[in-house]
Amino acid sequence: MSTNAELERIFDEMAKVLELTGANPFRVNAHARVARLMGDLTYDIATLADDPRKLTAIDGIGDGTARKIIEFVKTGKVAEHDELVEKVPRGLFQVMEIPGLGPKTVKLLWEQAGVTDLESLKKALDSGVVEKLPRMGAKTVQNIRDSLAFAAKAGERIRLGVALPIAEAIVERLRAVPGVTHIQYAGSLRRGRETIGDIDILASTTDENALFAAFTAMPGIEKVLVAGGTKASVRLERGVQVDLRILPEDSFGAALMYFTGSKEHNIVLRERAIKMGYRLNEYGLFPDDGDAAPHKRGVTPVASRTEQEIYRKLQLHWVPPELREDRGELDAAFQDKPPTLIELPDIRAELHAHTTASDGRLTIDELAAEARRRGFHTIAVTDHSKSSIQANGLNEDRLRAHIEAIREAQSRIKGITILAGAEVDILSDGRLDYADDILALLDIVVASPHVALKQEPGKATARLLAAIKHPLVHILGHPTGRLIGKRDGLHPDVNALAAAAAEHDTALELNANSLRLDLRDTHIKAAVDGGALIAIDTDAHCAEHFDELRYGILTARRGWLTPPRCINTWPAKKLHAWLKKKR
DNA sequence: GCCGTTTTCGGCCCGACTGTTTTCAGTCG
Ligand SMILES: Nc1nc2c(ncn2[C@H]2C[C@H](O)[C@@H](COP(=O)(O)OP(=O)(O)OP(=O)(O)O)O2)c(=O)[nH]1
Ligand SMILES: [Mg+2]
Ligand SMILES: [Mg+2]
Ligand SMILES: [Zn+2]
């Protein structure tokens with residue numbers, strides 16, 4: 001495991017133990033924030049450990065954390081972490097995952113009912129000791145029982161590509177309910193995160209009862225979890241939670257801001273509001289009169305209808321939802337000159353696609369027709385190379401014939417440029433799967449790792465750098481090789497890859513397939529900052545795969561990508577000239 | 001534990017829902 005990943009785990013565990021032992025919540029949060037930070041880094045934190053000032057320059061890292069990071073880099077452990085984890089049975093971490101059980105209740109169960117893990121919790125519930133505890137009653141016990149059965153699935157996140165179609169179907173269904181004036185999905189889905197914890201839907205309506213009734217009566221609902229005056233939550237049979245929040249139409253902008261989040265972005269905005277003499281909540285931006293819940297006291301908001309108005313009153317530019325992560329979007333980095341982020345219609349070319357020659361389902365003709373139908377000026381045929389045996393990769397003879405077939409197809413098909421290319425394997429030592437004389441025959445070369453995806457970070461970086469520096473390679477395909485929720489993939493130093501890619505004019509791929517999204521959002525940001533070009537490709541193996549482009553665009557926007565830095569947005573002439581430079 | 005164009009100490013977002021409570025703690029979004 002990498003230093004960053006180890007430190008992420010260490011600080012996460014410290015946060016959990018502190019929470020369970022009743023520490024100051026802000027101290028708990030500070031640790032959780034460090035853990036999140038470590039997970040987001042695109043370089044090895046150890047490279048900063050020679051000087052504490054380099055560490056404390058990072059927002060959220062103070063003297064104490066800097067000391068712990070340096071200690072870890074030197075000794076491989078953090079003494080305070082070791083002491084803390086001794087204090088609490090590890091099984092309690094799982095108990096904490098149960099919906100409805102927070103630190104206070106778990107502490108109580110542990111200290112007064114001897115609960116140390118899920119097993120002992122079950123026993124304590126059965127024996128009746130839990131019900132005798134303070135603030136515990138029959139209903140609470142039954143709720144814990146229900147949630148316990150669901151404990152394993154509670155923390156799971158679903159892929160964007162799975163969640164988005166479900167959300168769109170629910171929104172369309174509820175839009176038809178009489179009285180509904182506004183309805184849209186919000187939360188991590190609107191922000192385009194690669195995985196989604198639940199589906200959040202915001203609506204305004206003239207008939208709340210009708211909407212709640214329709215919501216809780218949808219087919220496929222396993223359980224209604226919450227049902228109040230302004231919000232309801234259900235769990236679908238497939239384990240996904242859906243939250244519906246209803247707010248007045250007058251408040252829709254404030255409501256959308258609140259429900260889109262992220263939580264961290266919301267908190268920074270609310271702190272800013274306080275400093276400016278306001279109070280921000282989901283009903284609007286109010287003048288601060290020192291009391292809570294201004295919306296209930298008839299206070300008139302200074303802004304509430306649209307997101308734009310609220311950001312403006314806070315003296316901020318409107319922030320695209322994908323950027324609302326407290327990753328600099330409220331700082332000068334964004335606010336001084338808001339970049340125009342890439343959009344779906346900007347994409348004019350698909351530069352990574354497979355045909356029946358390897359493991360695709362479309363012929364060359366069908367692939368070209370599909371790309372043309374989508375309005376692209378260029379499609380690259382990039383079938384697998386010889387080492388990818390399971391994918392029916394092409395040996396040199398088959399590749400030569402394939403190139404001929406592509407040229408022949410181009411002679412018949414008008415309205416789109418068909419490039420003869422390959423997705424060549426990057427072997428574990430960084431060499432490519434075809435010799436240079438073969439690669440030189442191709443209009444475009446995508447080089448991708450497919451095997452040895454558990455290599456240690458140093459080796460992985462060297463391997464990918466070799467491909468980036470190869471004079472015949474145009475694009476580094478799905479650089480980490482991860483499959484979301486299934487395979488971790490490589491952990492290269494992405495900052496180093498970006499620097500080399502910029503120097504050698506090689507594009508880094510953002511593979512848009514929702515299982516991959518590789519490079520991921522934080523990597524794209526690092527690549528953009530490092531001056532590298534990005535290629536957004538669907539890696540299409542069939543016609544439907546072209547539809548995954550939207551997930552690539554969302555991820556690209558989360559990485560602050562602008563059209564000029566994405567080669568798929570370029571006009572044909574510019575793109576083709578760029579490809580020819582390496583021939 | 002972190003942080004600072006009014007601060008190096010004293011804040012740190014704000015509201016809805018539930019169950020158990022007779023006035024609100026705990027959890028969640
Ligand atoms: N102000 C504030 N807003 C919050 C808080 N927690 C959640 N929200 C808002 C912002 C979130 O994006 C939105 C939906 O909450 P979720 O728990 O579903 O989070 P989100 O969708 O961002 O991520 P997820 O993928 O569901 O884990 O509600 C909070 O503690 N304070
Ligand atoms: Mg959510
Ligand atoms: Mg939610
Ligand atoms: Zn491919």
Side-chain angles (χ1 to χ4, degrees), chain A residues 11 14-15 18-19 22-35 37 55-69 80 84 96-109 131-144 146-147 154 186-189 197-202 212 224-233 241-247 251 254-286 288 291-297 314 326:
Chain A
F11 277 90
M14 284 199 286
L18 288 168
E19 201 176 23
N24 178 333
F26 301 107
R27 196 168 154 233
V28 173
N29 191 252
H31 284 79
R33 189 176 169 197
V34 173
L37 219 96
L55 291 168
T56 54
I58 299 172
D59 253 6
I61 297 183
D63 292 337
T65 299
R67 232 181 307 111
K68 286 172 199 133
I69 292 172
E80 193 178 316
L84 280 173
M96 276 280 287
E97 299 285 307
I98 297 173
L101 293 188
K104 295 285 163 63
T105 311
V106 173
K107 191 163 184 276
L108 184 77
L109 290 168
E131 197 170 335
K132 296 200 180 69
L133 263 35
R135 297 195 62 82
M136 288 284 179
K139 273 190 179 169
T140 305
V141 166
Q142 189 51 44
N143 283 342
I144 298 173
D146 288 351
S147 307
S188 51
L189 214 42
D198 66 356
I199 294 172
D200 300 294
I201 297 173
L202 175 67
F212 276 133
V224 177
L225 302 167
V226 174
T230 76
K231 65 191 270 189
S233 291
Q241 182 174 325
V242 187
D243 295 342
L244 174 67
R245 182 76 196 264
I246 301 181
L247 279 150
S251 302
L256 197 52
M257 274 176 76
Y258 152 70
F259 215 29
T260 297
S262 64
K263 174 184 172 181
E264 291 77 12
H265 179 86
N266 287 352
I267 289 175
V268 178
L269 284 184
R270 288 172 183 210
E271 285 172 344
R272 183 181 178 93
I274 292 169
K275 285 198 195 106
M276 295 175 71
Y278 296 124
R279 185 184 188 93
L280 179 61
N281 60 29
E282 62 264 50
Y283 296 89
L285 181 67
F286 296 88
D288 187 7
D291 286 324
H295 59 286
K296 286 186 175 172
R297 297 180 284 112
L314 291 171
D326 189 25

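Convention: sequence-line order gives letters A, B, ...; per-chain numbering from 1. Keep in mind it's a predicted model, so treat the numbers as computed, not measured.
When every heavy atom of A15(A) is checked against every heavy atom of V28(A), the shortest pair comes out as O-CG1, 3.5 Å. Between N266(A) and Y258(A), the closest heavy-atom pair is ND2-O, 3.0 Å. Contact record, L109(A) with L101(A): CD1-CD1, 4.3 Å, taken as the closest heavy-atom pair. Shortest non-hydrogen contact noted between M14(A) and E80(A) is SD-C, 4.4 Å.
Taking atom CZ of residue F11(A) and atom C1' of nucleotide dG1(B), one finds them 10 Å apart after rounding to whole Å. Residue I98(A) contributes atom CD1, which lies 12 Å from atom P of dT27(B) at whole-angstrom precision. Atom CD1 of I58(A) is separated from atom C1' of dC3(B) by 16 Å (rounded to the nearest Å). The CZ atom of R272(A) sits 14 Å away from the P atom of dG4(B) (whole-angstrom rounding). Put simply, CD1 on I199(A) is 14 Å from P on dG29(B), counting in whole angstrom units. dG4(B) atom P lies 13 Å from atom CG of D63(A), rounded to whole Å. For D243(A) and dT27(B), the CG to P distance is 18 Å, given to the nearest whole Å. In this entry the distance linking CG of D59(A) with C1' of dG4(B) reads 12 Å, nearest Å.
Formation of a donor-acceptor pair under 3.5 Å by the R297(A) side chain with backbone atoms of A292(A) is found in this model. For R279(A) (side chain) and P294(A) (main-chain N/O), no donor-acceptor pair under 3.5 Å exists by modelled atom type. With hydrogens and angles disregarded, no donor-acceptor distance shorter than 3.5 Å links the side chain of R27(A) to the backbone of L18(A).
Distance noted for atom C1' between dC12(B) and dT8(B): 16 Å (whole Å). Atom name P, nucleotides dC14(B) and dT20(B): the rounded distance is 30 Å, in whole Å. When the C1' atom is compared between dT21(B) and dC17(B), the two are found 15 Å apart, to the nearest whole Å. Comparing the C1' positions of dG11(B) and dT23(B) gives an interatomic distance of 27 Å, to the nearest angstrom. Rounded to whole Å, the separation between the P atoms of dA16(B) and dC9(B) comes to 37 Å. Spacing between dC13(B) and dG29(B) at atom C1', rounded to whole Å, works out to 12 Å. Atom P of dT5(B) sits at a distance of 23 Å from the matching atom of dG1(B), rounded to the whole Å.
The one candidate from L225(A), V224(A), V242(A), D198(A) that meets the side-chain contact (heavy atoms from CB on, under 4.5 Å) condition with S233(A) is L225(A).
Glycosidic torsion of dT21(B) falls outside 90° of 0, placing the base in anti.
Other residues, nucleotides and ligands contribute only 12 or fewer heavy atoms inside 6.0 Å of the CZ atom of R67(A).
Taking the six-membered ring where tryptophan is involved, the planes of Y283(A) and H295(A) are essentially parallel, since the angle between them stays under 30° and well short of 60°.
The residue L269(A) sits apart from the nucleic acid: no heavy atom pair falls under 4.0 Å. Using a 4.0 Å heavy-atom distance criterion, N24(A) is classed as a base contact. Residue contacts for P25(A): at a heavy-atom cut-off of 4.0 Å it reaches no nucleic acid atom on any strand shown.
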ask   = Which nucleotides of nucleotides 13-20 of chain B have their base under 4.0 Å from a protein heavy atom (B), which only their sugar-phosphate (S), and which neither (-), written as one string 5' to 3'?
value = BBSSSSBS

Evaluation steps, side chain to side chain contact (heavy atoms under 4.5 Å, CB included), between L247(A) and F259(A) = CA-CA 11 Å; L247(A) 279 150; F259(A) 215 29; over 6 Å; no

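Between Q241(A) and dG29(B) there is a side-chain polar atom (N or O) within less than 4.0 angstrom of OP1 or OP2. Residue T65(A) places at least one side-chain N or O closer than 4.0 Å to OP1 or OP2 of dC2(B).
Base pairing of dG15(B) is made with dC28(B), judged by Watson-Crick or G-U wobble geometry with both donor-acceptor distances under 3.5 Å.
Mapping K104(A) and A66(A) onto DNA chain B by nearest heavy atom places A66(A) at the nucleotide closer to the 5' end.
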Could you go through nucleotides 5-7 of chain B and list every protein N or O atom that sits under 3.5 Å from one of its N or O atoms, giving the distance for each pair?
none

